[in-house]
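Indexing begins at 1, ligand by ligand and atom by atom, following the structure's order. Sequence positions, counted from 1, serve as the residue numbers for this chain.
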Amino acid sequence: MDLKFVQTTCPYCGTGCTFNLVVKNNKVVGSIPNTRSPVNLGKTCPKGTYAYEFVNSKERLTTPLIKKEGQFVEASWDEAIALIAEKFKGYKPDEIACLSSARTSNEDNYAMMKLARGAFKTRHIDHCARLCHSSTVAGLAAVFGSGAMTNSIPDIEESKCIFIIGSNTFEQHPLIGRRVMKAKQKGAKLIYADPRYTPTAKQADIYLQFKSGSDVAILNCFMHEIIKNGWENKEFIANRTTGFEELKAVVMKDDYSPENVEKISGIPAAQLREAAEIYAKAGTGALLYSMGITQHTVGVDNVKSTANLQMVLGYLGRPGCGVNALRGQNNVQGACDMGALPVVYTGYQKVIDPVAHKKFEDAWGFPDGIAEGANGYEVTTLINVLADNPGEIKGLYIMGENPMLSDPNLHHAEEGLKNVEFMVVQDIFLTETAELADVVLPATCYAERDGTQTSTERRVQKWRKAQDPPGVAKLDWKIIADVAAAMGYADQFAWETSEDVFNEIAELTPSYHGMNYERLEKPEALHWPCPETDHPGTPILHTQKFATPDGLGILSPLEWKAPAEVPDAEYPFVLTTGRCIWHWHTGTMTRNSPTLDTEVPTGWIEINVEDAKELGIEDKELIKAITRRGEVEVPAKVTEDIMKGVMFMPFHFKECAANKLTNDALDPIAKIPEFKACAVKVEKIKEA
Ligand SMILES: Nc1nc2c(c(=O)[nH]1)N[C@H]1C(S)=C(S)[C@@H](COP(=O)(O)OP(=O)(O)OC[C@H]3O[C@@H](n4cnc5c(=O)[nH]c(N)nc54)[C@H](O)[C@@H]3O)O[C@H]1N2
Ligand SMILES: Nc1nc2c(c(=O)[nH]1)N[C@H]1C(S)=C(S)[C@@H](COP(=O)(O)OP(=O)(O)OC[C@H]3O[C@@H](n4cnc5c(=O)[nH]c(N)nc54)[C@H](O)[C@@H]3O)O[C@H]1N2
Ligand code: SF4
Ligand SMILES: [Mo]
């Protein structure tokens, strides 16, 4: 028997745990956590533990498929690639759009960005970060000059008080949750704000339950109390920030007194006072947030509000502090870093900056130039264009995304995707989105390849090949390079290994410039910025100054605004959506992992006990949930863990897809949809 262990990085969440894949006779059969990892210290959560199960699922795509007369027919790579090249050559640049993937490696995202801008010459490229942390990228870049998590994961242990708002850390970033527990063991307090009494809430010293969509009011109330009592960090405010007087003028208004914020949020005034005092007096406080903050029409305001609080208390630039935006997908940080966004090349070099444009044009050497230096469509704008202006975009190339379940207001998204003349989907499974494609391309998964991914703490870590891919599946960047070559750009995509791609990235990206595959072999890998090969990397950002032009952090005066759609007589409840620990997004991987799938076989809607009683709904009863955009049948979970007036659904399950209900109203700056609040009603299903 041939047995080996291959160290790799978890393909699920942005925590970036590493483990060893157990490989028997050339097949991945198990995993063992890596004890040398400074991130997960020898542990993994259930998804990491069973991340080997989907690798050899019978459902994996094994060969290219071409749709002929409405049916998929197996095809050779030559045939599929030739068809794609011919179709895309026939479209004008602005008729093409690409969706890149936070599930794939940095090398793949870089290749996709180069394919879009260099070969297709389109400016329309984006990926699921739009639905996730686009508010963070926009909000933190505006106030700190850099849109990333400021501190590192091990650093959370140094905190004296941890304030988690809008992140169910214990279920969605379990190995970051473990750090929070380690800090607690050292005496730290945990304050947790969330509409649901989640597993994270169960560990909190103070739990603030509130109505979805009141975050700015709550954060302003904290600052109101802090400034009223003189607990702000006057030295930090004076030396490192601008805009304090303007901020103060807003947060000190009576609107943000604990009594008034109790009316908006439902949190008792006394509890708001107590939480603000404990947090302010801790002296060292880390704020953690995720989708509860970002996925709102006021997502950018929410993000800036968290930054305001941390600056007012001087909780930045030192250990145990920070604005810690917990990034979701394994490589969403990297996909953004690689420029899989409509406004930047790698390392956030702006496409509208003529210097950056020329740098990439010269370095890449396309004989016929690259996409113009203008911003393109965001995912959400693209879907609107597809649905409302058919024919404007004719060709769509999607790598590793499943918008047919993950986009808001699915009927609208489906209408848009069906209007595309020619659609390519490159995935590891035949997804709901792939079903609509003209060509489906089989990719290798994390276990079948070398590559790098960048975790939420900006740590760049490696994937290592453990087994061969199924059938004729190929590396994502290799497929992209083949498409480019068939369009006449073989020279620009002449990489032989993943390392070749990485070296090109490092060459063109200041924050990755000092990295190479050899340096990334160390157990702790490297955090960007890492500008030179002798630079140790940067675990904590903004220690001396912020990355803004004058080095100062910008305090933003912000008023609370209600969500785009609030309950009324017809739709009397707030619906919020999210995740559970066992499943991943649209379920392609976790529902093909028998252990995880058995734990939670289908979806549900959480309803407060009193609400259920008034509606005459029993636990586990199949009911109908209805919004202005659609309806689904879904089992009720009657529970005290959710606030009265609020309901919650996970979006993992196609048979009761939460996104048939969600609102596609957008934040005006980040263009993120309001997944976290819309108005809903529920009905009993009448017997036939
Ligand atoms: N198991 C698992 N882990 C995951 C994922 C997964 O699919 N499954 N996905 C990954 C990805 S891509 C991401 S982005 C992260 C997301 O990680 P999280 O943001 O932690 O997950 P969510 O469940 O989307 O939402 C978090 C919490 O926000 C609360 N919430 C709802 N409305 C509001 C509100 O108005 N304000 C506030 N403050 N909170 C509110 C919800 O009750 C929920 O508990 O998780 C990552 N980790
Ligand atoms: N209602 C509601 N909707 C939401 C959210 C919410 O909180 N509520 N959250 C939003 C957020 S934060 C996010 S991040 C999005 C996620 O939205 P998506 O990114 O669309 O969801 P995933 O299911 O992660 O899709 C990733 C796809 O990549 C494929 N894949 C995995 N590995 C590879 C690989 O190596 N190569 C290739 N080519 N493909 C691969 C998977 O099979 C899967 O089809 O969902 C958003 N939608
Ligand atoms: S915490 Fe995230 S990275 Fe770690 S094992 Fe779980 S899913 Fe994987
Ligand atoms: Mo996400």
Checklist entry - Is it the side chain, the backbone, both or neither of I581 that has a heavy atom closer than 4.0 Å to ligand 1? => result backbone

Item to check | Residue, atom name and distance, where the atom is the protein heavy atom closest to atom 36 (N) of ligand 1 | outcome: D215 OD1, 2.8 Å

Next on the checklist: Would you say that more than 12 heavy atoms from the other residues, nucleotides or ligands in this model lie under 6.0 Å from the CD of E655, or not?
Outcome noted: yes

Next on the checklist: So for C580, does at least one of its heavy atoms come nearer than 4.0 angstrom to any atom of ligand 1?
Outcome noted: yes

Checklist entry - Looking at atom 8 (Fe) of ligand 3, what's its closest protein heavy atom, distance included? => result C10 SG, 2.3 Å

Next on the checklist: Heavy-atom distances under 4.0 Å decide this one: backbone, side chain, both or neither, for K47 against ligand 1?
Outcome noted: side chain

Next on the checklist: Please list the nearest protein heavy atom to atom 4 (C) of ligand 1 with its residue and the distance rounded to 0.1 Å.
Outcome noted: W584 CZ3, 3.1 Å

Item to check | Sub-4.0 Å heavy-atom approach of F210 to ligand 1 | outcome: yes

Item to check | N, O or S of C45 under 2.8 Å from atom 6 (Fe) of ligand 3 | outcome: yes

Checklist entry - If you look at every heavy atom in F429 and F54, which pair is closest and at what distance? => result CZ-O, 3.9 Å

Item to check | ligand 1 versus S290: contacting region, heavy-atom distance under 4.0 Å | outcome: both

Checklist entry - Any heavy atom of R327 sitting closer than 4.0 Å to ligand 1? => result no

